Trainee: 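My questions all concern the structure below.
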Amino acid sequence: MSIRRILVVGLGNPGEAYRNTYHSAGNIVLEALQKRIPATQPSFSSGRHGKKSTLASIGPKYSFLQSPSIMNVTGPWFAKAYREQLVDNGLSPAELGVVLVHDDLEEDLGVVKIRDWARSHRGHNGIKSVNASLKANPEGKWARVSIGIGRPVEREKASVSDYVLSKIPRHARGVLEEKGGAGLLGALVDLEKKWEAS
């Protein structure tokens, strides 16, 4: 059975104070991708998804959603949004591709990598929460796409926490939008080819 729709969810923290932080790289890059394909993917607007007000861009093939939940408790909302996509679009799990877009401390700024869904979360609390709330249906197609944000020199937990919640300088945001947006588009194309061939 072929994929009829792809749900792409960006992880980040809600609220204006956190929209422009490294931890919200998933949302930043998702917005950049939408701007690259405006003919088929409308601008983000607020709507109800997963029983919460959510910034969303719903096109003929892709549902782009920006998580409205605090990173560490994203899972319950994600599980509801996933089930809604199945019901609202009349899809079986085999007909819905799922892509989780998240920040990655272990990659340089703007580097985009496709990750196996079951791969280690490497301490990422948003991924941990999603995995705890929703088990990937084996009939479906699941992937993660990581967005590199670099890493602070100090590796203590407090330094890492301060870094991911710090404001992104203008130049770094430009790199994320340019490299990340192009990289995410390429990743989606590659995933679609892989999924159609399997």
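All figures in this text were calculated on a predicted structure; none of them were measured in a lab.
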Trainee: Do Lys113 and Glu106 sit within salt-bridge range, that is, some charged N less than 4.0 Å from a carboxylate O?
Mentor: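 The answer is no: the pair does not qualify as a salt bridge.
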Trainee: Tell me the closest heavy-atom pair linking Ser198 and Lys141, and the distance in Å.
Mentor: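 Taking every non-hydrogen atom into account, OG-NZ, 2.8 Å.
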Trainee: Ring pair (Phe, Tyr, Trp, His ring centres under 6.0 Å) with His49: which residues, sequence neighbours excluded?
Mentor: none
Trainee: Between Arg4 and Asn89, is there a side-chain donor-acceptor contact under 3.5 Å, judged purely by atom types and distance?
Mentor: no
Trainee: For residues Val160 and Val111: do they belong to one hydrophobic cluster (side chain heavy atoms under 4.5 Å, members Ile, Leu, Val, Met, Phe, Trp, Tyr)?
Mentor: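 No, Val160 does not connect to Val111 through the hydrophobic network.
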Trainee: Would you say the side-chain atoms of Ser53 and Arg48 include a donor-acceptor pair closer than 3.5 Å?
Mentor: no
Trainee: Quick check: does any side chain N or O of Arg5 sit under 3.5 Å from a backbone N or O of Pro60, one acting as donor and the other as acceptor?
Mentor: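 It does hold such a pair.
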Trainee: Run the salt bridge (Lys or Arg N to Asp or Glu O under 4.0 Å) test on Arg115 and Glu107 for me, step by step, so that the C-alpha distance in whole Å, both residues' side-chain angles and the decisive distance to 0.1 Å come before the verdict.
Mentor: CA-CA 12 Å; Arg115 308 282 186 192; Glu107 298 292 343; 3.0 Å; yes
Trainee: Taking Val189's backbone N and O only, do any of them form a donor-acceptor pair with Lys193's side chain (distance below 3.5 Å, no angle check)?
Mentor: no
Trainee: Is it the case that the side chains of Gln41 and Ser57 hold a donor-acceptor pair, with the cut-off being a distance below 3.5 Å and no angle test?
Mentor: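 Ser57 vs Gln41: donor-acceptor pair found between side chains.
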Trainee: Does Val73 belong to the same Ile/Leu/Val/Met/Phe/Trp/Tyr cluster as Leu55, with side-chain heavy atoms less than 4.5 Å apart forming each link?
Mentor: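 Different clusters: Val73 never reaches Leu55 through Ile, Leu, Val, Met, Phe, Trp or Tyr contacts under 4.5 Å.
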Trainee: Please give me the minimum heavy-atom distance between Thr21 and Val164, naming the atom from each residue.
Mentor: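 For Thr21 and Val164, the tightest heavy-atom pair comes out as CB-O, 3.7 Å.
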Trainee: Measuring from atom CZ of Arg173 to atom CG of Leu109, what distance do you get when rounded to the nearest 0.5 angstrom?
Mentor: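 If I round to the nearest 0.5 Å, the distance is 12.0 Å.
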Trainee: For atom NZ of Lys51, decide whether the heavy atoms of other residues, nucleotides or ligands shown that lie under 6.0 angstrom number more than 12.
Mentor: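 No - once you tally the heavy atoms of other residues, nucleotides and ligands closer than 6.0 Å, there are 12 at most.
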Trainee: Let's go through Glu177 and Lys35 carefully: what are the C-alpha distance in whole Å and the side-chain angles of both, what is the deciding distance for salt bridge (Lys or Arg N to Asp or Glu O under 4.0 Å) to 0.1 Å, and is it a yes or a no?
Mentor: CA-CA 10 Å; Glu177 290 174 340; Lys35 290 174 182 164; 5.4 Å; no
Trainee: Calculate, to the nearest 0.5 Å, the distance between atoms NZ and OG belonging to Lys52 and Ser69 respectively.
Mentor: 3.5 Å
Trainee: Going by atom types alone, do Thr74 and Ser129 pair a side-chain donor with an acceptor below 3.5 Å?
Mentor: no
Trainee: Would you mind listing the cluster partners of Ile58? Hydrophobic ones only (ILVMFWY), side-chain contacts under 4.5 Å, chaining allowed.
Mentor: Leu7, Val9, Leu11, Leu65, Met71, Trp77, Phe78, Tyr82, Leu86, Leu91, Leu96, Val98, Leu100, Trp117, Ile127, Val130, Leu134, Trp142
Trainee: Answer with yes or no whether the side chains of Ser24 and Arg19 bring together a donor and an acceptor at under 3.5 Å.
Mentor: no
Trainee: Shortest non-hydrogen contact from Ala187 to Val145?
Mentor: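 Scanning both residues, the minimum pair turns out to be CB-CG2, 4.1 Å.
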Trainee: Which pair of non-hydrogen atoms, one from Ser2 and one from Glu196, has the smallest distance, and what is that distance?
Mentor: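 Smallest interatomic distance, heavy atoms only, reads CB-OE1, 3.6 Å.
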Trainee: Taking atom types as modelled, find out whether Asn13 and His23 have a side-chain donor-acceptor pair closer than 3.5 angstrom.
Mentor: no
Trainee: Test: ring pair (Phe, Tyr, Trp, His ring centres under 6.0 Å). Region: residues 154-195. Which pairs qualify, not counting sequence neighbours?
Mentor: Tyr22-Tyr163
Trainee: Does the side-chain hydrogen bond (donor to acceptor under 3.5 Å, both in side chains) test come out yes or no for Thr54 and Gln66, once each step is laid out?
Mentor: CA-CA 6 Å; Thr54 303; Gln66 296 183 35; over 6 Å; no
Trainee: Test side-chain contact (heavy atoms from CB on, under 4.5 Å) on Ile114 and Val99 and set out the steps.
Mentor: CA-CA 9 Å; Ile114 297 172; Val99 179; over 6 Å; no
Trainee: Quick check: closest heavy atoms across Leu176 and Gly148, and the distance to 0.1 Å?
Mentor: CD2-O, 3.8 Å
Trainee: For Asn27 versus Gly12, what's the shortest heavy-atom pair and its separation?
Mentor: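 Heavy atoms only, the tightest pair is ND2-CA, 3.6 Å.
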Trainee: Are there over 12 heavy-atom neighbours, none belonging to Asp162, within less than 6.0 Å of that residue's CG?
Mentor: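 Above 12, so yes.
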Trainee: Rounded to the nearest 0.5 Å, how far does CD of Gln34 lie from CG of Leu30?
Mentor: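 CD of Gln34 is found 8.5 Å from CG of Leu30.
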Trainee: Tell me if a side-chain donor or acceptor on Arg144 pairs with a main-chain N or O of Val101 at a distance below 3.5 Å.
Mentor: no
Trainee: Are side-chain N/O atoms of Ser133 and Lys80 paired as donor and acceptor at under 3.5 Å?
Mentor: no
Trainee: For a side-chain contact (heavy atoms from CB on, under 4.5 Å) check, start with the C-alpha distance between Ile147 and Val29, then their side-chain angles and the critical distance, and finish with the verdict.
Mentor: CA-CA 8 Å; Ile147 311 297; Val29 170; 3.7 Å; yes
Trainee: With no hydrogens and no angle check, is any side-chain donor or acceptor of Asn20 less than 3.5 Å from a backbone partner on Ile168?
Mentor: yes
Trainee: Using a cut-off of 6.0 Å, state whether more than 12 heavy atoms not belonging to Ile70 lie near its atom CD1.
Mentor: no
